[in-house]
Each structure stands twice: as C-alpha cells, then as structure tokens.
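Here is the structure we will look at, set down as structure tokens.
No hydrogens, no waters, no symmetry mates; every other heavy atom, side chains included, goes into these values.
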Protein chains: 4
Amino acid sequence: MVRYKKSEEKRKQILFAAFQALSELGYDSVTLQTIADHAEVSKGVVHYYFGSKEAVLVELLEWLTAKISAKEQAAVQEQPTAAGKLKAYIDSAFPGPAKNRSFYRVYLDFLARASRIPVYREINQRFYDNCARISTEVLTLGQKEGIFAKALIPDTTAPVIRAIIDGCLIQWLMKDDDELHAAYKESCYEAVMKVLRV
Amino acid sequence: MVRYKKSEEKRKQILFAAFQALSELGYDSVTLQTIADHAEVSKGVVHYYFGSKEAVLVELLEWLTAKISAKEQAAVQEQPTAAGKLKAYIDSAFPGPAKNRSFYRVYLDFLARASRIPVYREINQRFYDNCARISTEVLTLGQKEGIFAKALIPDTTAPVIRAIIDGCLIQWLMKDDDELHAAYKESCYEAVMKVLRV
Amino acid sequence: MVRYKKSEEKRKQILFAAFQALSELGYDSVTLQTIADHAEVSKGVVHYYFGSKEAVLVELLEWLTAKISAKEQAAVQEQPTAAGKLKAYIDSAFPGPAKNRSFYRVYLDFLARASRIPVYREINQRFYDNCARISTEVLTLGQKEGIFAKALIPDTTAPVIRAIIDGCLIQWLMKDDDELHAAYKESCYEAVMKVLRV
Amino acid sequence: MVRYKKSEEKRKQILFAAFQALSELGYDSVTLQTIADHAEVSKGVVHYYFGSKEAVLVELLEWLTAKISAKEQAAVQEQPTAAGKLKAYIDSAFPGPAKNRSFYRVYLDFLARASRIPVYREINQRFYDNCARISTEVLTLGQKEGIFAKALIPDTTAPVIRAIIDGCLIQWLMKDDDELHAAYKESCYEAVMKVLRV
DNA sequence: AATGAATGAGAGTTCATTCAT
DNA sequence: AATGAATGAACTCTCATTCAT
C-alpha cells in the first residue's frame with residue numbers, strides 16, 4: 001500500500017502536523033492552512049499529497065491508531081507474565097499527561113465522527129480489534145497462570161478492558177489536571193484487575 | 001429564575017431540534033439552517049432566541065446533561081437497596097439502542113469540544129459531579145449493607161463507575177449494532193459489580 | 001401637511017431620538033432598534049408612525065434643516081444693522097461645540113446621501129435657499145448702509161457665505177477639539193467680512 | 001516600503017473599483033460584491049487582498065487623499081508666482097464636473113465617517129495638513145511679493161482656504177448642475193483672493 | 001395604539017479546492 | 001514538485017419589515 005515511495009517522509013511530516021494542529025485547534029478550527037503552517041509547507045502541498053482535507057484526516061486516524069496499537073503490542077510482548085503484560089498494557093495506554101491529552105483530544109474528535117461516518121468507524125474498528133487481541137493475549141495467559149478467572153470469555157471481556165481504559169482517560173482529560181494522571185492510571189489498573197481476578 | 005421573556009417552550013423546541021440535527025449530522029455539518037428546519041421555524045428565529053449558534057450548543061449541552069442527571073437520580077432514588085440502586089443506575093444509563101445512539105453521538109461531539117473549551121468542560125464537570133453523587137450514594141449504602149468492599153474510597157471509585165459506563169457505551173456505539181446493546185449493558189453491569197464487590 | 005394631528009408630538013419624539021442615534025452611531029450603525037431605544041418606544045412604533053426607516057431619515061433631514069433655518073432667520077431679524085445681522089447669523093451657525101458636533105455629524109451623513117439621492121438633495125436645496133435668503137438680506141442691507149461692496153451680486157455671493165460657514169465647521173469637526181471652536185468661528189467671521197467688505 | 005507580496009497592481013485595480021462603486025452607490029449600498037464586480041474579480045479576491053471590507057475603505061481614503069495631495073502639490077510647484085500658484089491650486093481642486101462629482105461624493109461619505117471614527121479622521125488630518133502646507137507656501141510667497149496681507153497668520157488662514165474650496169464644491173455638488181461648475185470655481189477663487197489680498 | 005415574535009433576503013467572511021506558473 | 005492567487009459555495013449573523021395579538 002506504499003503509494004508514494006519517494007515522498008512517504010513528507011506525508012508523515014504532514015500527518016504529524018495535522019495531528020498537532022487538530023490537537024490544538026479541534027475539528028472545526030483546523031484548516032488546510034493551519035495544517036500547512038504546522039508542517040511548514042504551502043497549502044497546495046497538503047492537497048498535492050492527500051487530494052483532499054478529508055483524506056488527510058482519514059489517513060491521520062489510520063496512522064495514529066496503527067502507531068498506538070504497535071506501541072501497545074510491543075510493550076505487552078516484552079513481558080513474560082500475565083501480570084507484567086497487563087501492567088505494560090496500562091502503562092502504554094497512560095504514557096503521561098502531555099501525550100494522553102494530545103492523543104485523546106484528537107481521538108475524541110474522531111470518535112464523534114466515527115459514530116456517523118463508516119470510513120472512520122472501520123478504522124476505529126481495526127484499532128479496537130487490535131486492542132482486543134492484546135487483551136485476549138493477556139487474559140488467556142493469566143487464566144493459564146491461574147491469576148485470572150477461568151470463567152471469563154475473552155470475546156466479551158476484552159472490550160470491557162478497553163472501555164475502562166478509554167473511560168478513565170476521558171474522565172481524566174475532562175479534569176484537565178496533570179497531577180491527577182497517576183491517580184487515574186492507578187484507578188484504571190485496579191479496576192481492570194478487579195474485573196479479571198479470580 | 002425567570003431569565004427569558006421569550007417563550008420558554010419555543011426555546012425547548014429549538015433545543016430539541018438542535019439535538020436531533022446534531023445527532024444526525026454531527027458538529028461540522030449542523031448549521032443554523034438545519035436546526036431551524038428540524039424545529040420548523042425560520043433561520044432567524046434561532047438567532048432571535050439564542051443570540052448565536054454557539055449559545056444554542058452550549059445551552060443544549062446544559063439541557064441534555066441536566067436531563068440525564070435528573071433521570072438517573074430519580075431512577076436510583078426509587079430503589080431502596082444498593083443492588084437495586086446500582087441496577088437502576090445502569091438501566092437508566094442504557095435506556096436502549098436508539099436513545100443511547102442519539103445521545104452518545106451528540107455527547108462525543110461535546111466531549112471533543114470540552115477537551116479544549118472551558119465553558120463546555122465546566123458544564124460537563126457538573127454532569128460528572130452529579131454522576132459521582134449518584135455513585136457515591138450507591139456505594140456507601142452498599143458498604144453499609146455489606147455487599148460492597150469497605151475499603152473503597154468514594155472519591156476515587158465514583159469516577160471509575162462512570163468511566164466504565166461511558167467506555168462501554170462508546171464501545172457499543174462504535175459497533176453500530178443494536179443487537180449488541182443488551183450484551184454491552186450486561187458487561188458493564190458485571191464490570192461495575194466486580195469493581196465494587198467485597 | 002399635518003398628517004397625524006393627534007400624534008404629532010410622538011413623531012417629534014421619534015425624530016429627535018433618530019437625530020441622537022444618528023449623531024452617535026452614524027448611518028451604517030443606526031437601526032430601527034437603536035432609534036426605538038433612544039425614543040424609549042418599541043421598534044414597531046417607529047414603523048407605525050413613519051412607514052419605513054427611509055421615511056424617518058427623510059423626515060429627520062426636513063425637520064433638522066427647517067429648525068436650523070428658523071433659528072438663523074429669527075436671530076438675523078432681531079438685529080437692525082447689517083453688521084449685527086451678520087454677527088447674529090454666524091453666531092447662530094456656531095452655537096457651540098456640542099451642538100455643532102451633533103448637527104454636522106448628522107448633516108455630513110445627509111450631504112453624502114444628498115449627492116446621490118434626489119429626495120435628500122431637494123430638501124437640502126430648500127435649506128440652501130433659506131440660507132441664501134438670509135445672506136441676501138444681510139448683504140443688500142449692508143450695501144445700502146455702505147459697509148459691503150456694491151458690486152457684489154447676491155445670487156453669486158450668498159452661496160459663498162454658506163460655503164465658508166460649512167467649510168469652516170467641517171474643518172473644525174475634523175480637528176475634534178472643542179477648544180478650537182471659538183477660533184474657527186472667528187476665522188469664519190473674518191473670512192465672510194473680507195469677502196463682503198468694500 | 002514593500003508591504004505587500006501580493007501584486008500591488010491588483011490592489012490598485014481593486015481600490016479604483018471600490019472608488020467607482022462607492023461614488024456610484026454610496027456607503028450603505030456598496031458591498032464587497034459590487035466592488036468585486038467593478039474590479040471584474042470574484043468576491044473572494046477583495047478579501048484576499050485586503051482582509052476585510054473596512055480595510056478596503058480605509059486604504060481607499062488613504063490612496064485618494066494622497067493622490068489629490070500629490071496632484072495639487074505638483075500643480076502649485078510648477079508656478080513661480082504667488083498668483084500663479086493660487087490659480088494652479090484652485091484649478092487643481094476644480095478639475096471639472098465629472099472628477100469633482102465622483103471625488104466629492106466619496107469624500108463626503110468619508111468625512112461623515114471621519115467625524116466618528118478615529119482612523120478615518122487621522123487620514124483626513126494628514127490630507128488637511130498637506131492642504132495647509134500648500135496654502136502656507138502660497139500665502140508666504142504672496143506676502144513677500146506684497147500681494148497678500150502681511151498681517152495674515154498662515155496657521156489660521158490656511159484652514160480657511162481649504163474650507164472655502166470644500167464649501168464651494170459641496171455647494172456645487174448639491175446643485176447637481178455641470179454648467180455651474182465654472183461659476184463656483186470663479187466664486188471660490190474670488191473669495192480666496194479677497195480673504196488674502198492686502 | 002402598541003408590541004415584539006417571526007421572517008428571510010442579503011451582508012461580510014471563511015475556506016476547500018483548482019490551477020497557472 | 002511546489003506555490004499561492006483565485007474562486008465561489010456556504011456559513012453565521014443583521015435587520016427592515018410584517019403581522020398576530
């Protein structure tokens with residue numbers, strides 16, 4: 001799916017600029033001009049590389065969710081035990097106030113769109129599937145280790161884990177207080193543990 | 001509190017029209033014209049009653065969250081036991097596919113804005129405070145009854161309960177499948193119970 | 001021409017309010033609402049009495065110029081000598097900073113319109129004719145008294161006298177300095193005297 | 001003073017179109033669309049070059065008054081004698097019915113605004129200062145030559161000269177008769193001469 | 001006689017998109 | 001490959017006017 005080999009780097013640069021602009025300004029205020037400004041290119045370039053504003057945003061969601069998935073996947077795989085994996089997953093989902101804020105601001109914009117527009121929903125679905133894959137991996141290993149309840153069905157439990165993560169981070173985002181980040185992370189971890197434990 | 005000389009009823013009519021329009025079309029596509037169309041009034045009337053598009057939206061969030069809070073509060077208070085209250089709270093938060101879809105679509109739009117714009121954040125904070133009040137009521141009663149863990153601190157536990165509710169409903173919304181509504185509700189209930197139980 | 005006997009007083013009230021509003025806000029910013037606010041009546045009343053916004057303004061110019069003409073006419077007729085009449089005329093045209101400012105602001109708005117719209121031009125022409133009548137009266141008396149040049153033809157000299165008055169007051173208005181009012185009045189008087197003297 | 005990257009020529013084209021549109025239609029009737037139509041560009045271009053309608057008008061007044069000043073200045077400097085300079089100044093201020101009409105229509109609109117809005121007043125003040133400079137030059141030379149009264153103080157006399165010019169041209173404009181242009185010019189010249197003569 | 005709710009045409013402005021260079 | 005001038009559709013907002021009460 002490498003459409004523009006030569007200029008793949010510039011596409012990344014524009015996507016990252018779009019991410020920054022979107023995070024700062026929000027959906028209604030972001031324009032091709034502000035994206036171009038953040039990328040330090042001309043307005044025409046954004047069009048040249050993506051064809052339309054909509055295409056930039058779709059690809060941004062794709063890129064963002066893929067990056068998050070990869071990061072979380074990698075973090076979990078480094079750990080040998082279920083407990084370690086779960087801890088790594090939550091740590092990965094709560095990298096810190098700055099990163100969580102910029103990502104969740106943008107992600108909420110996308111979720112709002114995804115609730116109405118299929119193309120965004122499909123991309124988000126792939127993200128959710130990846131999250132479920134990670135959760136399932138952790139859960140089944142924990143069941144084998146005997147630390148998680150055997151009765152839990154991965155297909156129904158996995159979404160709840162992501163629900164708790166997203167729900168906690170949204171709550172934190174709305175408090176707008178960096179100091180509380182650690183507490184929300186801890187609350188999230190405790191909640192997930194209680195849901196999974198024997 | 002008689003703030004408006006102008007017919008309070010027409011204001012409600014316009015707010016409800018705005019809710020419908022926003023739910024259908026989303027933030028970027030909703031215009032004063034589409035709101036007016038849904039309310040079956042002229043474009044000028046919306047301005048006449050609210051002064052600006054922004055004012056309509058702010059008041060819509062206020063109205064929506066107040067309505068939800070009142071409904072949940074009432075449902076919980078009808079029940080005498082902690083178990084009954086918790087069930088009533090979750091039932092109230094999961095009234096059904098149609099209602100949940102229309103509300104959460106709009107609510108996600110507002111959350112995205114609230115992450116950047118103080119006036120929306122403040123309104124949402126009042127909503128969260130009401131949710132926390134309900135959760136605390138349920139939790140402390142359950143602790144007295146002995147069905148919930150005594151060690152749980154209301155201040156840190158309450159937000160997690162709403163996080164699970166919102167998280168589960170967002171997951172469901174993204175699946176876009178009415179059939180799954182009951183299952184997500186059940187998962188949510190189970191998760192909250194596990195978080196609270198002794 | 002007394003169209004509404006009973007309510008002639010309210011018409012005056014509205015016209016005066018329109019004058020105040022226009023003087024304060026200028027042509028582009030004055031609305032029926034601001035006129036109604038100044039008159040302390042409802043917006044509908046202004047329409048009811050005048051039929052349209054344009055009609056208010058046309059009648060305002062008529063009323064204003066008639067009032068000025070009458071005042072100047074009266075002042076001049078009180079004086080027996082040509083010198084006294086001229087002094088009275090200039091005094092009457094320079095009643096003071098506050099009055100000159102409010103009138104000339106509005107009058108400039110009307111002159112701008114009069115340069116394009118016949119109905120305003122005709123009203124202004126009647127005003128100019130009255131000014132010319134006064135000037136002619138002063139001039140011919142002065143010629144009889146031997147203090148003004150016999151060679152001056154009233155028809156060509158009269159407009160110049162008003163030109164000097166208007167020109168000086170516009171210059172003063174643009175300086176926006178109340179302190180200079182007396183100096184501009186003196187300059188105006190001197191200039192007119194030099195134009196008329198033997 | 002290279003303030004604009006965008007084609008300076010196109011800016012001039014739009015300013016001239018704005019002048020034509022304003023002269024024809026007047027302040028209340030001139031819109032970005034009519035300006036764009038006169039300039040034979042799209043409505044968006046006017047915004048693109050000036051940022052706002054207000055900015056077009058402010059720059060128009062600046063451009064117009066600068067042009068008039070330059071023209072009058074040049075005309076006066078060509079003449080060696082005070083009498084010649086004065087004649088050249090008046091000739092320059094009375095270029096003919098068509099030019100005087102279009103300029104004074106627009107200028108009256110600006111004077112009305114200048115009486116309330118500082119930015120317009122400041123621009124007009126610069127114009128008045130230039131007029132005063134010219135008048136002072138003519139006056140002091142005439143005093144040296146012995147044809148103008150030695151007692152005249154330039155600072156108080158100069159504004160009166162412009163007052164007579166503006167006053168006469170406004171009187172002429174209100175008559176709306178091209179035939180009278182020459183007579184008003186003559187009257188103006190005579191009046192100024194009488195004010196200055198020994 | 002008086003009100004002000006309702007209308008909708010039209011204003012200024014924004015911005016994705018196009019395209020000549 | 002890159003630019004930014006140009007376009008015009010669509011937006012929010014204003015306001016004279018109408019009209020039921």
Completion exercise
Rounded to whole Å, CZ of A/F50 lies from C1' of F/dA1 at a distance of 15 Å

Practice task
Please lay out, stage by stage, how A/R116 and B/D28 fare under the test salt bridge (charged side-chain N to carboxylate O under 4.0 Å, His left out).
Solution key: CA-CA 12 Å; A/R116 294 182 195 86; B/D28 2 335; over 6 Å; no

Practice task
Pick out which of A/E24, A/Q20, A/Q33 makes a side chain to side chain donor-acceptor pair (under 3.5 Å) with A/H38.
Solution key: A/E24

Exercise for the section: Taking atom types as modelled, find out whether B/Y27 and B/R113 have a side-chain donor-acceptor pair closer than 3.5 angstrom. Expected result: yes

Exercise for the section: Could you check C/I35, C/I14, C/L22 and say which one makes a side chain to side chain contact (heavy atoms under 4.5 Å, CB included) with C/L60? Expected result: C/L22

Handout entry: Annotated protein contacts, base or backbone, on nucleotides 14-21 of chain E with a non-hydrogen cut-off under 4.0 Å, one of B, S, - each
Key = BSSBB---

Problem - Heavy-atom closest pair, residues B/R105 and B/L173 - result: N-CD2, 4.1 Å

Practice task
Please answer whether the main-chain N or O of A/A98 pairs with a side-chain N or O of A/S102 as donor and acceptor at a distance below 3.5 Å.
Solution key: yes

Exercise for the section: In whole angstrom, give the distance that lies between atom CZ of B/R11 and atom P of E/dA5. Expected result: 12 Å

Practice task
Find the distance D/Y27:OH to E/dA11:P and express it as a whole number of Å.
Solution key: 16 Å

Practice task
Please work out whether the ring planes of A/F19 and A/F16 are parallel, tilted or perpendicular, with thresholds of 30° and 60°.
Solution key: tilted

Practice task
Report the C-alpha distance between C/Y107 and C/Y104 in whole Å, list the side-chain angles of each, state the deciding distance to 0.1 Å, and finish with yes or no for ring pair (Phe, Tyr, Trp, His ring centres under 6.0 Å).
Solution key: CA-CA 5 Å; C/Y107 189 51; C/Y104 268 86; 5.8 Å; yes

Problem - Upstream residue (5' side of DNA chain E) when C/V45 and B/K10 are each assigned their closest nucleotide - result: C/V45

Practice task
Report the distance from atom CD of D/E40 to atom P of F/dA6, rounded to the nearest whole Å.
Solution key: 14 Å

Practice task
Quick one: stems involving DNA chain E, counted as three or more successive Watson-Crick or G-U pairs, both distances short of 3.5 Å.
Solution key: E:2-21 with F:2-21

Completion exercise
B/Y49 OH to F/dC13 P, in whole Å, measures 18 Å

Handout entry: Length of the OH-C1' vector between B/Y48 and F/dA16, whole Å
Key = 14 Å

Practice task
Give, for atom OG1 of B/T65 and atom CD of B/E62, the distance between the pair rounded to the nearest 0.5 Å.
Solution key: 7.0 Å

Exercise for the section: Whole angstrom is fine here: how far is it from CD1 in A/I14 over to C1' in F/dA1? Expected result: 12 Å

Practice task
Check the distance between E/dA11's C1' and D/L25's CG and give it to me in whole angstrom.
Solution key: 15 Å

